[in-house]
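Everything below concerns the one structure shown next.
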Amino acid sequence: MLIQNIEDLDSLIRKIVKNSNPSQPIAIDTETTDLNPFKAELVGIGICWGSGTNDLAYIPIGHNISNNYNQIPLEEVINKLSPWLSDKRKPKVLQNAKYDRLIFLRHGLTLKGVILDTMLADYIIDPNRKHSLDEIAKREFGFTPQGFSDLVKKGETFAEVDILSASLYCGMDVYLTRKIGILLTEELEQESPKLLNLLKEIEQPLEPVLAQMEATGIRIDVPYLKKLSAEIQERLMKVEKNVHNISGQLFNLASPKQLGEILFETLQLDRKKSRRTKTGWSTDVNVLERLESDHEIIPLIIEHRVLSKLLSTYVDALPQLVEEETKRVHTDFNQAVTATGRLSSSNPNLQNIPIRTEFSRQIRKAFLPKENWSLLSADYSQIELRILAHLSGEESLQETYKKKGDVHAMTAKILLEKESISLDERRLGKTINFGVIYGMGAQRLSRSTGISQAEAKHFLNRYKERYPKIFAFLELQERLALTQGYVTTIFGRRRPFKFNPNGLGRLLGKDPFEIDLNLARRGGLEAQQLRAAANAPIQGSSADIIKIAMVELQRKIDEENLPAHLLLQVHDELVLETDIHALNHIKNIVVNTMENAVSLSVPLLVETGVGDNWMEAK
DNA sequence: ATAGTCACG
DNA sequence: ACGTACGTGACTATA
């Protein structure tokens, strides 16, 4: 049904408002001019309320060509649709609701009653597979929908698509969304109530919180970055000139291939300190550091690498991503990308803003709160190690956390068998504590700490003796990955693993304790998979916990109408902007919410910082 | 498109 | 004896 006038629209509304059956949600989808919800204009809306061919409607709104067909003024659509759209008792199903929510939000429309997001449901069932509507339809029905690029020519937008074609395309999308929604719900209900709970209680409630964070965006000090850019460019020119002088020839410093030839052929530097890649000699930071004292050119190359990275990825990139309308950058938090349950951030990625060196940290000065407000950063202290202590049941570790002791120092004391330790020795404890979470071996331990491989081996063995339950837990995860085909987090999130059916795949269904792990770890790829399996419950549980905290925190902000905005999530850290007058009250709420998001056998600890920019707040 | 590199937790 | 520290996204070069 193609909506052609107000009467059509009225009759559509009458059909959909009747429904409040949660097992028969109504599918809705927006068509727009841009993938970026902050630039996109609304072109049309599709709605599907049943499985019949007449249970579909398309509302054309913003097509540029409207030959022979009417469009409905945006104002009318908003007025007529808003009561149903914002009614939480009217069940709806969407594919990637966050996108449509942001589109609606920009047009003053509130979306409520999303009882299923097909993208998130598909992600929860198996995070490894693809979650686009087209891919799900191919997989579940063997049906390939018309591709977007077949409909919209290069350089054009959906607004250029004729209304009839658009209605068929959008109609198919909403039809599929509804059908997939019903199918995936049944699958979850029958096969895993725990996963359904994770979807309904954590992932779906988080979606509007993320939408809110993205819509708010974060303020950027553009003039400051421009100044920084000029300084970095000037320095880069000088360094480049020096490098070319020393090497005696002009070449592209940004080309690893050309740089490798200069270092290991022209200058004849020690090839044993590098390794071969598919394209030539490796020139990564490890190689360069090994060569550092061999030739005066190396420090200059390292400096050039660091500065050009910072310039192109952050200093010059961020101002370009400031939205004209809001003067802020609006990242995209992707909720259905990672294998472990973490979020990811893109366009720009605000989860990898530099911090590790004094100079790079300066970039954080460019992240500002709303005028006259403050930035508040709150991060979980050692959350992954605490989760490991909880999951493994390792009492000594749990006791130390309960007594607010220094876990890294304790580990160092145990490994070195002495009562008092130096700062460097504590660092060794820290490296091992974090290393075991990733399945680190003796070689890596010796390389990252400078101790001998024999010593590293000794420390790992001793760690295993003194923390037996940690290793039992990690090994169990590997056994479960092999015999059960997946591992799980505290909240039941699954990460599936696939092994070659002629090899380790044959272990599926076997008794997990009858497996020889040394045999399983034979191949490089298999060993890598098993380390990932041991790590996933830890990383994934951490993701579960911070997601719960975010939902709860936003709920409190809304309920108390607090002058605070959640802005960023960086895996174990939340960044907010808050009115300074309510700072202490809000800080308390943030800390309490994060620390009490879940109850484990060890306490969770949250540390905070406040400042006029992100550098000061950390 | 892929490879190499490097920013973060 | 030796592989072999987990998870991401963005940039540049090169094909």
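By convention in this document, chain letters (A, B, ...) are assigned in the order of the sequence lines, proteins followed by strands, and residues within each chain are numbered from 1.
- Side-chain contact check for A:Phe459 versus A:Leu428: some heavy-atom pair is nearer than 4.5 Å.
- Heavy atoms of A:Gln528 sit under 4.0 angstrom from primed sugar atoms or phosphate atoms, though from no base atom.
- The closest side-chain heavy-atom distance from A:Ile383 to A:Ile546 is not below 4.5 Å.
- Under 4.0 angstrom from either OP1 or OP2 of C:dC6 there lies at least one side-chain N or O belonging to A:Arg531.
- Across residues 336-368 of chain A, A:Val337, A:Thr338, A:Ala339, A:Thr340, A:Arg342, A:Ser344, A:Ser345, A:Ser346, A:Asn347, A:Asn349 each have a non-hydrogen atom less than 4.0 Å from an atom of DNA chain C (numbered order).
- Side-chain proximity of A:Thr279 to C:dG7, C:dA5, B:dG4: nearest is B:dG4.
- Residue A:Thr283 is in sugar-phosphate contact alone, with no base atom involved, counting any heavy-atom pair closer than 4.0 Å across all strands shown.
- A perpendicular orientation is assigned to the rings of A:Tyr467 and A:Tyr463, their planes being inclined by more than 60° (bins at 30° and 60°).
- Nucleic acid contact for A:Ala527: base, since at least one base atom lies under 4.0 Å from a heavy atom of the residue.
- Across the strands present, C:dA1 finds no partner; the criterion is a Watson-Crick or G-U wobble pair with both atom distances under 3.5 angstrom.
- Nearest heavy-atom pair across A:Ala533 and A:Gln477 is O-CB, 3.7 Å.
- Rounded to an integer number of Å, the gap from CD of A:Gln320 to C1' of C:dC11 is 12 Å.
- For A:Arg386 against A:Ser381, the heavy-atom pair with the smallest separation is NE-O, 2.8 Å.
- One P atom belongs to B:dT5, the other to C:dT4, and the distance between them is 16 Å to the nearest Å.
- Residues A:Leu368 and A:Ile218 come closest through the heavy atom pair O-CG1, 3.8 Å.
- Nearest heavy-atom pair across A:Thr489 and A:Ala536 is CG2-O, 4.3 Å.
- The distance from atom CG of A:Leu474 to atom C1' of C:dC6 is 12 Å, rounded to the nearest whole Å.
- Annotation for A:Tyr380 and A:Ala597: closest pair OH-CB, 4.1 Å, computed over non-hydrogen atoms.
- Among the atoms of the strands shown, only primed sugar atoms or phosphate atoms (P, OP1, OP2) are found under 4.0 Å from some heavy atom of A:Gln258.
- Near DNA chain B, meaning a heavy atom under 4.0 Å from it, residues 442-460 of chain A has no residue at all.
- Here B:dA3 sits opposite C:dT12 as a Watson-Crick or G-U wobble pair (both hydrogen-bonding atom distances under 3.5 Å).
- Look at the P atom in both B:dA7 and C:dC2: the space between them is 30 Å, to the nearest Å.
- A cation-pi arrangement is absent between A:Arg275 and A:Trp281 under the rule of less than 6.0 angstrom and at most 45 degrees off the ring axis.
- Of the listed nucleotides (B:dC6, C:dA10, C:dT14), C:dA10 has the atom at the smallest distance from the side chain of A:Thr313.
- Between A:Leu307 and A:Ile232, the shortest heavy-atom contact is O-CG2, 3.9 Å.
- Residues of residues 288-311 of chain A that place a heavy atom closer than 4.0 Å to DNA chain B, in numerical order, are A:Arg305, A:Lys309.
- Counting only heavy atoms from C-beta outward, the side chains of A:Met213 and A:Met550 approach each other to under 4.5 Å.
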